[in-house]
Amino acid sequence: GARHVVITDVNQARLELALASGGYLNARASLPGWRAGAGLSPQQALRADAQLQLTDTGWIGRLLPQVVITNGQFDAAFQAGGTMAAPRLSGRATLSRGVAAITPLGIELAGVELTMTSSPDALVAFEGRARSGPGSITVNGRLLGTADRPMRLILGVKGDRFEAARRPQMHLLASPDLRISVEPKQVNVEGQVLIPRAEINLPDFGGAPVSVSPDVVIVGQGDGASPSAEPWQVQADVRVVMGEAIEVRGYGFSGKLGGALRIVQKTGAAARGQGELSVTDGRYAAFGQKLTVQTGRFLFANSPLDNPSLDVRAVRSTDALAQGETVTVTLVVSGTLKDPQLSLLSEPPMDQNNAVAYLLLGHPYNTASAGEASMMQKATTSLGMSGVGKAVKGVAGQLGFEEASIEGGGREDTSLVLGKYLSPRLYLQYAVGFWQTANALRVRYQLTRRWTLQLQESGISSGADLLYTFEH
């Protein structure tokens, strides 16, 4: 469907081409002073120019698979001069009235304008702008490079309430002010990003998130990468500032997030943070109860981004059943995100069992049903109240015990278990009940490599077992 006309002369040519998809290509070239039959000397003058217009910009989306271009026009004009030995090239290209959707982020860019020009001090200089949501963003930069120096891309990015993401999990507005430089295998980023508004909905997996054990190997991860490929090095120094409308929901938590965090990443090292993020208007629902987050701080002191220090206090107040007074129980979380330490404070003061009962059940432990007590014990064990497990193992190790653990899952059978080898074949184990006064003594004697005799005496019952061990 395209048609073209070519007109030639002794030292000049012209091309006019109409494109079936819309637009055109016009070009002219000439060699001033050149005569037919004469050779081309290095000093031969050169003149050329070309104009291109494309009203179908879908080809840009094919270059960027995750970007869908729905509207826009591309225009370009190029000129060439100088001599055959030293040609001079210049030009200008523009994308105007562009509309694009970025699928992974769920956003649509409108009013996309991009201009690229050649300049004396850069291979290409460019500037662009776009609108998204209630805000906008501008980009300007230069592509530098010479024969003896590698190419370098310098970018400046500024925005105001630019809608950077609109997904069910996150709706985010950002006001960036960044300076970015890109060289072969090296990226540097510095500046500040203000987040004036965000709504973050953490996915609900039906329980707390489970991290992958560090000794897990994912088969196929990294397959296909060249063993000799050199990874890109990233250096960053970016300050992230939270605005007044940052809402987070998920895993039973809802609240607002504030504060500022400086993120620094050096070549070959993981990103680290310096600053503080705080929680306001926080609510936390766990085990059927709603707690008010009185204090919530995530402290970064040159800390890994995924392991800040914690300073969290969640409070529940309830009326005591008989005394007619208000009981307040505070859950205190300290330590780090990967190694949290939990403890309880209560007003008026009470033992730990009743503090846990008021926190989780809203009434004293002695009025709990068997089902409530079982739930309470499981919750206590899963929370690791006050680092009980670590404390038990630490004390037991100092006393010379090889085993120290908490067993059971309900009101009737939870106990502290201590064990020690009296000889290579004889093992003594003593279980102290948390909720019952009856304790248990177990003795295991290894008869052979696979057969073991176990005796148990609890004061209520006694028994013997013959155990057989096999490997598969």
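Any value given below was found using the heavy atoms of this structure, including those in side chains, with hydrogens, waters and symmetry copies removed. One is the number of the first residue; the rest follow in order along the sequence.
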Measure the spacing between [atom1] of [X] and [atom2] of [Y] and express it to the nearest 0.5 Å.
| X | Y | atom1 | atom2 | result |
| --- | --- | --- | --- | --- |
| F298 | L337 | CZ | CG | 7.0 Å |
| K256 | I246 | NZ | CD1 | 10.0 Å |
| S346 | R316 | OG | CZ | 14.0 Å |
| R272 | F300 | CZ | CZ | 11.5 Å |
| S254 | D281 | OG | CG | 9.0 Å |
| Q265 | L305 | CD | CG | 8.5 Å |

Considering non-hydrogen atoms only, spot the tightest contact between [X] and [Y] and give its length.
| X | Y | answer |
| --- | --- | --- |
| A260 | L277 | N-CD2, 4.1 Å |
| F74 | T57 | N-CG2, 4.1 Å |
| G259 | S278 | N-OG, 4.4 Å |
| S118 | L89 | OG-O, 4.2 Å |
| P104 | R167 | O-CD, 3.6 Å |
| R47 | G82 | NH1-O, 3.7 Å |

Quick check: does any side chain N or O of [X] sit under 3.5 Å from a backbone N or O of [Y], one acting as donor and the other as acceptor?
| X | Y | answer |
| --- | --- | --- |
| N201 | P168 | yes |
| Q233 | Q186 | no |
| N307 | K338 | yes |

Any salt bridge between [X] and [Y], counting N to O under 4.0 Å?
| X | Y | result |
| --- | --- | --- |
| E183 | K185 | no |
| E113 | R129 | no |
| R197 | E199 | yes |

Check your understanding: Would L261 and R239 satisfy side chain to side chain contact (heavy atoms under 4.5 Å, CB included), going step by step from the backbone distance to the final call?
Key -> CA-CA 6 Å; L261 181 63; R239 187 169 183 260; over 6 Å; no
Practice item. Take L172 and E163, measure what side chain to side chain contact (heavy atoms under 4.5 Å, CB included) needs, and give me the verdict at the end. Key: CA-CA 6 Å; L172 179 75; E163 187 175 59; over 6 Å; no
Point to revise | salt bridge (Lys or Arg N to Asp or Glu O under 4.0 Å) against E127, all qualifying residues, sequence neighbours excluded | key: none
Within a strict 4.5 Å, meaning less than it, do heavy atoms of the [X] and [Y] side chains meet?
| X | Y | value |
| --- | --- | --- |
| N26 | Y24 | yes |
| V293 | L291 | no |
| T336 | L310 | no |
| Q235 | V189 | no |
| L155 | V139 | yes |
| V279 | L257 | yes |
| W232 | V187 | yes |
| T117 | F126 | no |

**Study point:** Residue pair Q66, L64: steps toward the side chain to side chain contact (heavy atoms under 4.5 Å, CB included) verdict
**Key:** CA-CA 6 Å; Q66 295 179 327; L64 304 170; over 6 Å; no
Revision key, fill the gap. Test side-chain contact (heavy atoms from CB on, under 4.5 Å), reference V315, set L359, V329, T328, L331, output is T328
Exercise for review: Determine, step by step, whether D75 and Q53 satisfy the side chain to side chain donor-acceptor pair (under 3.5 Å) criterion, reporting the C-alpha distance in whole Å, the side-chain angles of both residues, the deciding distance to 0.1 Å, and the verdict.
Suggested key: CA-CA 4 Å; D75 294 276; Q53 183 180 94; 2.9 Å; yes
Exercise for review: Verify side chain to side chain contact (heavy atoms under 4.5 Å, CB included) between V238 and E190, making sure each step is shown before the conclusion.
Suggested key: CA-CA 5 Å; V238 178; E190 61 180 18; 5.6 Å; no
Practice item. Please lay out, stage by stage, how S90 and Q79 fare under the test side chain to side chain donor-acceptor pair (under 3.5 Å). Key: CA-CA 5 Å; S90 62; Q79 299 82 37; 3.3 Å; yes
Practice item. Let me see the working for Q294 and R313 under side chain to side chain donor-acceptor pair (under 3.5 Å), right down to the final yes or no. Key: CA-CA 5 Å; Q294 191 178 69; R313 294 189 173 216; 5.4 Å; no
